[in-house]
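The model shown is predicted, which means the values in this text are computed figures rather than measured ones.
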Amino acid sequence: MLQHRPLDGALILIYFVALAFVWFRTFGTRPTTEDYLVAGRRVTLPAFVATLVATWYGGILGVGEYTWRYGVANWLVFGVPYYLGAALFAVFLAKRARTSELLSLPDLLERAYGRPAALLGAALVFINAAPAAYVLMLGTLFAAMFGGAITPWVIAAAVVSVFYVDRGGLRTVILTDQMQFALMYGGFAVMLGFLVVQHGGLAFLVPRVPPMHWHWHGGNGPAAILVWYVIALGTMVDPAFWQRAYAARDPQVARNGVLWSIVFWVVFDLMTTACGLYARALLPDLADPVMAFPRLADVTLPPIAWGLFHLGMIATVMSTIDSYAFIAATTVGRDLLWRVRGDDPARIPHGSRLGLWAATAFATVLALANPSVVALWHDIGSVVTSALLLPVLLASRPAWRPNGRGAVVMMAAPALVSFAWVLWRIVPAAHGAYPLGLEPIYAGLATSLSVALLTRPRSPETLA
């Protein structure tokens with residue numbers, strides 16, 4: 001535990017002092033609405049890549065657990081599907097998003113379908129963006145580092161991950177993401193370096209890791225892997241991608257930034273998957289695979305290196321929490337309150353600050369209610385992706401998209417159906433099975449497609 005590692009504790013303290021300094025510098029600032037929401041639309045390519053890469057890779061303990069259990073299948077479940085989703089966003093949506101000059105995903109829905117669809121879309125974005133899975137993950141990591149019950153550490157994880165973005169908005173998120181980007185890569189480079197020097201490479205791993213861990217499926221059935229490829233289509237409606245695209249300096253930065261991010265994700269996935277395989281080789285009897293990476297550090301790293309690696313894990317998760325909590329906050333401040341009340345746009349930052357703490361509280365409650373990171377990813381991703389995917393893709397296709405009422409039905413019906421599928425599995429009579437043996441996202445997408453086919457499209461016209 002950290003109490004017995006004073007040098008490592010000092011490193012982690014310095015990190016949190018740096019975040020407090022960032023927060024202190026925002027006192028007295030009054031950013032404009034555009035500055036607060038999209039950083040004045042002046043985000044350069046390096047900053048774009050750093051913030052998107054750091055934002056979208058918060059599930060570090062889940063990656064360690066999955067690799068320990070299933071080996072290289074981790075890359076094909078939590079890596080490749082999302083590269084494909086990101087590439088689709090880059091090719092088909094990134095430049096279009098930047099040239100639209102909008103501020104949020106619900107803006108796109110309002111332009112295409114009207115205010116009711118935008119309000120429903122905003123509610124779905126809020127649920128999707130509230131970083132419950134990552135708050136749970138960071139709380140678990142803190143409990144392992146400091147000891148004690150997990151509940152107070154989950155609450156602490158939520159608070160320390162968002163306080164510094166309260167006043168500065170997206171500029172502060174991007175600034176801290178760049179620091180966290182460096183820490184996450186540095187931490188895992190340190191770990192991988194020590195592992196290779198101490199134990200060697202494949203010659204050490206192959207005989208000590210179960211043979212099935214080297215198969216692409218890791219012992220899982222094709223259906224269990226395929227569902228993640230469908231859930232990964234949620235990348236195309238991920239509010240972090242749209243927000244970064246809106247904030248990019250120009251459309252080229254928006255497109256190229258996503259493509260370069262894929263390259264960095266591939267590198268990081270290779271590092272984390274390799275570390276997970278070493279964890280399986282060195283800790284074959286690990287009682288709780290969620291703790292694969294922290295326990296691997298305990299048996300591998302000396303002081304300072306141990307602290308750097310834990311900083312890398314902390315930074316990886318916090319960069320995701322602050323980004324998505326900020327998206328949820330601006331969804332409350334602008335996409336809900338501003339649309340409903342018609343406030344002066346200058347008040348949006350104030351409403352968003354209130355929304356930040358509302359989103360933090362919601363994420364904390366959700367994290368404590370469902371103590372499974374992968375289950376949170378699966379269930380929330382299934383509901384929100386099935387509800388938003390088709391309406392967002394059809395928004396720029398006037399000849400195919402439904403009218404405003406049809407769009408509301410096309411979002412509400414699949415959300416309700418997929419949520420009912422999720423709830424059914426926990427009913428005792430269901431014995432842990434989904435209705436018809438069908439994954440929630442398939443039921444939701446089928447519903448969405450059915451509504452799209454049954455709803456008469458609007459006559460062809462250009463977007464206003």
Side-chain angles (χ1 to χ4, degrees), residues 16-43 51 54-55 58 102-107 118-119 121-132 134-135 138 154-180 239-240 242-244 246-247 317-367:
F16 283 104
V17 169
L19 293 178
F21 178 71
V22 170
W23 173 66
F24 180 76
R25 287 188 60 188
T26 62
F27 275 88
T29 60
R30 292 183 176 274
T32 66
T33 297
E34 189 171 72
D35 277 340
Y36 191 81
L37 296 179
V38 289
R41 302 191 197 277
R42 291 191 291 271
V43 178
T51 185
T55 292
L102 300 175
L103 292 171
S104 67
L105 190 56
D107 279 0
L119 291 172
L124 290 167
V125 167
F126 177 84
I127 293 170
N128 193 35
Y134 306 102
V135 167
L138 188 60
V154 167
I155 296 170
V159 173
V160 300
S161 297
V162 302
F163 77 93
Y164 51 90
V165 304
D166 179 67
R167 289 179 172 84
L170 187 60
R171 287 187 185 278
T172 301
V173 171
I174 292 174
L175 173 63
T176 54
D177 278 354
Q178 292 175 76
M179 174 177 65
Q180 290 157 340
W242 286 87
Q243 184 189 59
R244 272 32 175 206
Y246 291 141
V317 186
M318 285 184 66
S319 62
T320 303
I321 296 174
D322 63 24
S323 293
Y324 281 102
F326 179 70
I327 291 168
T330 58
T331 300
V332 171
R334 182 179 186 278
D335 295 315
L336 290 172
L337 293 180
W338 176 76
R339 277 190 169 86
V340 170
R341 302 190 309 193
D343 285 347
D344 179 354
R347 289 182 52 81
I348 289 174
H350 174 71
S352 297
R353 287 196 289 272
L354 296 178
L356 181 67
W357 296 106
T360 302
F362 175 73
T364 303
V365 171
L366 195 59

*Just do the side-chain contact (heavy atoms from CB on, under 4.5 Å) check on M179 and V22 with the steps written out, would you?*
CA-CA 11 Å; M179 174 177 65; V22 170; 5.8 Å; no

*Show your reasoning for whether ring pair (Phe, Tyr, Trp, His ring centres under 6.0 Å) applies to F326 and Y36.*
CA-CA 10 Å; F326 179 70; Y36 191 81; 5.4 Å; yes

*Just do the side-chain contact (heavy atoms from CB on, under 4.5 Å) check on T172 and T26 with the steps written out, would you?*
CA-CA 9 Å; T172 301; T26 62; 3.9 Å; yes

_Stepwise side-chain hydrogen bond (donor to acceptor under 3.5 Å, both in side chains) test for R244 and T55_ = CA-CA 10 Å; R244 272 32 175 206; T55 292; 3.0 Å; yes

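Annotation: the span from L103 atom CG to L170 atom CG amounts to 11.0 Å, rounded to 0.5 Å. Distance check, rounded to the nearest 0.5 Å: CG of L175 to OH of Y164 gives 10.0 Å. For the atom pair R347 CZ and R353 CZ, the distance stands at 10.0 Å (nearest 0.5 Å). A distance of 12.0 Å separates CG of L102 from CG of L37, quoted to the nearest 0.5 Å. Separation of atoms CD1 (I174) and OG (S319) is listed at 13.0 Å; rounding is to 0.5 Å. With rounding to the nearest 0.5 angstrom, the OG1 atom of T331 is 8.0 Å from the CZ atom of F126.
Looking at heavy atoms from C-beta onward, D35 lies in side-chain contact with R42 at the 4.5 angstrom threshold. Side-chain contact check for D177 versus D322: some heavy-atom pair is nearer than 4.5 Å. Put simply, the side chain of L119 does not reach to within 4.5 Å of the side chain of P106, judged on heavy atoms. The side-chain heavy atoms of L354 and V332, taken from C-beta on, include no pair separated by under 4.5 Å. Considering only heavy atoms from C-beta on, R171 stays 4.5 Å or farther from P31 through its side chain. Between N128 and P239 the shortest side-chain heavy-atom distance falls below 4.5 Å. Contact of the V162 side chain with the W357 side chain is registered, since non-hydrogen atoms from C-beta on lie closer than 4.5 Å.
When every heavy atom of T320 is checked against every heavy atom of A54, the shortest pair comes out as OG1-O, 3.4 Å.
Between D107 and R339, at least one side-chain nitrogen of the basic residue sits less than 4.0 Å from a carboxylate oxygen of the acidic one, meeting the salt-bridge criterion.
Between the side chain of R167 and the backbone N or O of W23, no donor-acceptor pair lies under 3.5 Å. At distances below 3.5 Å, not a single donor-acceptor pair connects side-chain atoms of S161 with backbone N or O atoms of A158.
In this structure, F27 places its CZ atom where more than 12 heavy-atom neighbours from other residues, nucleotides or ligands lie under 6.0 Å away.
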